[in-house]
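Structure first, then comments.
Computation of the quantities below employed the complete heavy-atom set of this structure, encompassing side-chain atoms and omitting hydrogens, waters and symmetry-equivalent molecules. In each ligand, atom 1 is the first atom listed, and ligand 1 is the first ligand listed.
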Amino acid sequence: MTIDRKATFTPEEIVARLKAELPHWRYEDGWIRRTYKTNSWKGTLMVINTVGHLAEAAWHHPDLTASYAWVEVRLQSHDAKGITVRDFALAKKIEEVVQWQPGAAENAPLEGTPQHDLRFAYVKYD
Ligand SMILES: C[C@H](O)[C@H](O)[C@H]1CNC2=NC(N)=NC(=O)C2=N1
């Protein structure tokens, strides 16, 4: 079955899909959007650059708004003038990568960012 990259979803479909697959994302003013909080400007820049890489690799680009300790990611498909499978696919990858906590797993090989030492903590996990 060929994916139609230009087919847009209805608001009801978007809300249902976000609830099921991307609970931290919301649909507002025609965009699916998610705000990531950080501990510092350095953390915010790390998140921005991570999203930047994923967007370029996907060839699908969000709008970003940032401040010292947060960045809002907004996605819509400009060419389709709505929300398409591309927006959901990129949102899922961004959520997976930005919220990745390798140290959370039992006996994990990677310990993850020290959360309680503010010299190092940077993404706020929620
Ligand atoms: C210029 C044009 O936006 C781009 O060529 C491609 C890649 N990035 C894109 N990103 C988004 N969000 N929508 C698009 O339609 C799109 N098209």
Side-chain angles (χ1 to χ4, degrees):
M1 182 265 285
T2 313
I3 286 180
D4 179 353
R5 293 195 177 114
K6 292 271 183 88
T8 54
F9 291 98
T10 66
E12 295 73 21
E13 289 167 332
I14 295 163
V15 170
R17 191 157 173 177
L18 291 178
K19 188 163 183 275
E21 302 172 20
L22 289 159
H24 285 97
W25 289 66
R26 70 188 201 283
Y27 179 55
E28 191 178 294
D29 293 337
W31 301 79
I32 60 170
R33 53 180 78 207
R34 171 15 159 175
T35 296
Y36 295 104
K37 292 188 174 59
T38 70
N39 283 284
S40 70
W41 182 239
K42 285 196 285 286
T44 298
L45 291 175
M46 292 275 278
V47 170
I48 289 170
N49 281 299
T50 300
V51 173
H53 163 67
L54 295 175
E56 199 65 0
W59 196 242
H60 194 65
H61 303 86
D63 281 26
L64 301 176
T65 303
S67 184
Y68 176 78
W70 57 266
V71 54
E72 182 185 60
V73 181
R74 294 187 299 284
L75 281 165
Q76 67 174 223
S77 297
H78 307 307
D79 57 0
K81 292 183 177 49
I83 304 298
T84 69
V85 288
R86 289 172 282 164
D87 301 298
F88 285 108
L90 182 56
K92 272 193 206 163
K93 177 55 78 174
I94 290 169
E95 186 71 13
E96 172 202 333
V97 173
V98 173
Q99 290 289 301
W100 183 46
Q101 294 184 73
E106 193 59 37
N107 195 28
L110 298 165
E111 66 180 293
T113 315
Q115 283 307 295
H116 306 296
D117 185 335
L118 289 184
R119 291 174 300 164
F120 308 119
Y122 82 102
V123 170
K124 291 194 173 181
Y125 301 111
D126 58 8

Could E96 and K93 be called an ion pair, given the rule that one side-chain N must be under 4.0 Å from one carboxylate O?
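Salt bridge flag = yes for K93 with E96.
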Looking at R17 and D87, is any side-chain nitrogen of the basic one under 4.0 Å from a carboxylate oxygen of the acidic one? no
From the list V123, T113, L118, side-chain contact (heavy atoms from CB on, under 4.5 Å) with N39 holds only for L118
Write 'none' if nothing qualifies; otherwise put on separate lines each N/O atom of ligand 1 with a protein N/O atom under 3.5 Å away and their distance to 0.1 Å.
residue, atom, partner, partner atom, Å
ligand 1, 8 (N), H61, ND1, 2.7
ligand 1, 10 (N), H61, N, 3.0
ligand 1, 12 (N), H61, O, 2.9
ligand 1, 12 (N), Q76, O, 2.8
ligand 1, 13 (N), H78, N, 3.2
ligand 1, 15 (O), H78, N, 3.4
ligand 1, 15 (O), D79, N, 3.1
ligand 1, 15 (O), D79, OD1, 3.3

Hey, is the main chain of Y68 close enough, under 3.5 Å, to the side chain of T44 for a donor-acceptor pair?
yes
Item checked: Backbone N/O of R86 and side chain of R5: donor-acceptor pair under 3.5 Å -> no
Quiz item: Should we count NE2 of H61 as having more than 12 external heavy atoms under 6.0 Å?
Solution: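 Enclosed: over 12 neighbouring heavy atoms sit under 6.0 Å from NE2 of H61.
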